[in-house]
**Q** 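Before we start, here is the structure in question, set down as structure tokens.
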Amino acid sequence: MNQDLVRELDIIRQSRALEGEERSALSYQRALSIIKAYPDKIRSLKQVEKLPFIGVKISGLAEEFLDSGEIAESQTIKTSERFQTLSLFSSVYGIGPNTARRLYNLGLRSLDDLKVYYGVEREEIDVLPGEVVEIEGKPPRQEHGKPLAREPHEHEEGLSDSWIRIALGLREDFTKKWVSAKHQHRRGKPESNDVDIVFTHPDAEKVKGLCKRFVRKLHQRGMVTHVMHLSGFHGHNPLRTTHWDSLEKALTVFILPQSSPFYRGTRRRLDLIFAPPQVYWTAVIGWSGSIMFQRDLRQWAKDKLGMKFDSSGITRRYDSKEIHPKTEKEVFDLFGLEWVDPTWRNADA
DNA sequence: TGGCAT
DNA sequence: CGTAT
DNA sequence: GCCA
């Protein structure tokens, strides 16, 4: 409805994030989420000024957009070498805003510059314990400066009858009950290049170590070409409070074997998440909604319920007691929120 | 002025 | 600091 | 950058 304005604001949001102005970026994110959810075409400044999370600065930008059809600052940002270069660098796995700026300040401008800087041609990485695999370049989120293929997915409603279930060799009956997948698709974004799959098993013991074994199997079959992160692969620092490693996870690049009837040579990012059964639904929710949805849900849990929510569980803050919901709806009920379909958890640009 | 998810 | 949602 |  107001997607052009949203896109303009998102450019500024991206720029703020790349420049390390996190809080400003968050404000743009919120504002554009609100505008995105606004049900009518915005034609006047009055409409915008009534909206929450839109203050003096952003309503001014909206006014400019209404007058001219664009925002000068967005245009300037978009065409600037700095923005384009920082975006490019940040698109490489492992390079965030800070590293991107550092590399830029060193005078680097292209992926070729990065290859020289990192000596990537000779790089080898440990993919699995005891194995060494040659890679071409960095584990690519991009190739040749362009995003990996973004054509629509090959199907489908759920994982249970999908090409990827078959490709991964998952049993259909089990999958229906214990595997939840393709949340981008679940959210109604079939054009996404990501596939996320959350696994569990009624027996918590059987989940332990499954991530590594499963990835090893896919790698042996040539279906996983890169493993960017494997829980337990990086040394775990117990001083770190982050829950990043509390679920078993593998962040990989996936390609179908040529023998597959679905083979198209498309490489995708495939994220595999293995959750013990008691936190399966929090994992599903944590991997389903947009970033803004997650932040809002977590803030709500904290402010209204005094609880801590993330993909690895829900705990009461005062005694750290864990809560183990048995369905997605139980989580919403607990939080006093109306259950909404995943397609409505899509607040990002 | 402090908070902004984990 | 980087990554995932 | 916006809000309480």
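All chains are named by letter (A, B, ...) in the order of the sequence lines, taking the proteins before the strands, and each is independently numbered beginning at 1.
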**Q** Please classify the nucleic acid contact of A:Ile273 as base, sugar-phosphate, or nothing, using heavy-atom distances under 4.0 Å.
**A**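 Touches nothing.
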
**Q** In whole angstrom, give the distance that lies between atom OH of A:Tyr28 and atom P of D:dG1.
**A**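 One finds 5 Å between P of D:dG1 and OH of A:Tyr28, rounded.
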
**Q** Is any side-chain heavy atom of A:Asn2 closer than 4.5 Å to a side-chain heavy atom of A:Asp40?
**A**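 A side-chain contact under 4.5 Å is absent here.
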
**Q** Tell me: CZ of A:Phe89 to C1' of C:dC1, nearest whole Å?
**A**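 So the two atoms are 18 Å apart, to the nearest Å.
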
**Q** Is there side-chain contact between A:Leu32 and A:Glu8, with heavy atoms separated by less than 4.5 Å?
**A**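 A side-chain contact is absent here, since even the closest heavy-atom pair is not under 4.5 Å.
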
**Q** Base, sugar-phosphate, or nothing: which does A:Leu297 touch, judged by heavy atoms less than 4.0 Å apart?
**A**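 Touches nothing.
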
**Q** From D:dG1, C:dC1, D:dC2, pick the nucleotide closest to the side chain of A:Phe53?
**A**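 The nucleotide sitting nearest to the side chain is D:dC2.
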
**Q** Is it possible for you to check whether A:Arg109 lies under 6.0 Å from the centre of the six-membered ring of A:Tyr104, through NZ or CZ, and within 45° of that ring's axis?
**A**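 Checked: cation-pi criterion met.
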
**Q** Is the distance from OP1 or OP2 of B:dA5 to the nearest side-chain N or O of A:Arg295 less than 4.0 Å?
**A**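 Looking at the OP1 and OP2 atoms of B:dA5, one of them is under 4.0 Å from a side-chain N or O of A:Arg295.
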
**Q** Can you tell me how far P of C:dC1 sits from CG of A:Leu103, to the nearest Å?
**A**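 A:Leu103 atom CG is separated from C:dC1 atom P by 14 Å.
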
**Q** It should be established whether A:Lys302 places a side-chain nitrogen or oxygen under 4.0 Å from OP1 or OP2 of nucleotide B:dT6.
**A**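 Yes.
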
**Q** Rounded to the nearest 0.5 Å, how far does OH of A:Tyr38 lie from CG of A:Leu5?
**A**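 A:Leu5 atom CG to A:Tyr38 atom OH measures 12.0 Å (nearest 0.5 Å).
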
**Q** Contact class for A:Gln294 vs. all strands (heavy atom < 4.0 Å): base, sugar-phosphate, or nothing?
**A**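 Base, at least one base heavy atom under 4.0 Å.
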
**Q** Can you tell me if A:Trp281 and A:Glu330 form a side-chain donor-acceptor pair at under 3.5 Å?
**A**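 Short answer, no.
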
**Q** Taking the side chain of A:Ile58 as heavy atoms from C-beta outward, which of B:dT6, D:dC2, B:dA5 is closest to it?
**A**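 Nearest nucleotide to the side chain: D:dC2.
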
**Q** Does a sphere of radius 6.0 Å around OH in A:Tyr117 hold more than 12 heavy atoms from other residues, nucleotides or ligands, not counting ones at 6.0 Å or beyond?
**A**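 No, not enclosed.
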
**Q** Distance between the P atoms of D:dC2 and B:dT6, in whole angstroms?
**A**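 Roughly 23 Å separates the two P atoms.
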
**Q** To the side chain of A:Arg23, which of D:dC2, C:dC1, B:dC4 is closest?
**A**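 Given the options D:dC2, C:dC1, B:dC4, the side chain of A:Arg23 is closest to B:dC4.
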
**Q** What interatomic distance, in whole Å, is found between C1' of C:dT3 and the corresponding atom of B:dA5?
**A**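 That atom pair is separated by 14 Å.
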
**Q** At under 4.0 Å between heavy atoms, what does A:Asp296 touch on the DNA or RNA strands: base, sugar-phosphate, or nothing?
**A**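 Nothing, no nucleic acid heavy atom in range.
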
**Q** Measure the spacing between CZ of A:Arg30 and CG of A:Asp296 and express it to the nearest 0.5 Å.
**A**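 Interatomic distance, A:Arg30 CZ to A:Asp296 CG, rounded to 0.5 Å: 7.0 Å.
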
**Q** What's the closest nucleotide to the A:Trp287 side chain, out of C:dC1, B:dA5, C:dT5?
**A**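 Of all the options, the side chain of A:Trp287 is nearest to C:dT5.
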
**Q** Could you give the CD1-to-P distance, from A:Ile35 to D:dC2, as a whole number of Å?
**A**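 Atom-to-atom, A:Ile35 to D:dC2, this comes out as 11 Å.
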
**Q** By nearest atom, which of the nucleotides C:dT3, B:dA5, D:dG1 is closest to the A:Arg16 side chain?
**A**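 Of C:dT3, B:dA5, D:dG1, D:dG1 is nearest to the side chain of A:Arg16.
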
**Q** For DNA chain C, which consecutive runs of 3 or more Watson-Crick or G-U pairs (each distance under 3.5 Å) count as stems?
**A**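 The stems: there are none.
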
**Q** Using whole Å, report how far CZ of A:Arg13 lies from P of D:dC2.
**A**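 Rounded to the whole Å, the gap is 16 Å.
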
**Q** Less than 4.0 angstrom from a charged side-chain N to a carboxylate O is my criterion; do A:Arg16 and A:Glu73 meet it?
**A**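 So A:Arg16 pairs with A:Glu73 through a salt bridge.
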
**Q** Is there a residue in residues 59-71 of chain A whose heavy atoms reach under 4.0 Å of DNA chain D, and which residues are they?
**A**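 Those residues: none at all.
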
**Q** Apply ring-ring contact (aromatic ring centres under 6.0 Å, His included) to residues A:Phe214 and A:Phe199 and explain how you reach the verdict.
**A** CA-CA 11 Å; A:Phe214 193 75; A:Phe199 296 81; 5.3 Å; yes

**Q** Taking only the side-chain nitrogens and oxygens of A:Arg269, find out if one of them lies under 4.0 Å from OP1 or OP2 of C:dA4.
**A**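 The answer is yes; a side-chain N or O of A:Arg269 sits under 4.0 Å from OP1 or OP2.
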
**Q** What is the distance, to the nearest angstrom, from the CG atom on A:Leu270 to the C1' atom on C:dA4?
**A**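 It is 14 Å, rounded to the nearest whole Å.
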
**Q** Mind checking who shares a hydrophobic cluster with A:Val56, ILVMFWY linked at side-chain heavy-atom distances under 4.5 Å?
**A**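 Joined to A:Val56, directly or through intermediates: none.
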
**Q** In whole Å, what is the span from the CG atom of A:Leu272 to the P atom of C:dA4?
**A**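 Taking atom P of C:dA4 as the reference, CG of A:Leu272 is at 13 Å.
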
**Q** Quick one: do the A:Asp112 and A:Ser110 side chains pair a donor with an acceptor below 3.5 Å?
**A**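 No - no donor-acceptor pair under 3.5 Å links their side chains.
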
**Q** Starting at NE2 of A:His229 and ending at P of C:dA4, how long is that distance when rounded to a whole Å?
**A**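 So the NE2-P distance, A:His229 to C:dA4, works out to 10 Å.
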
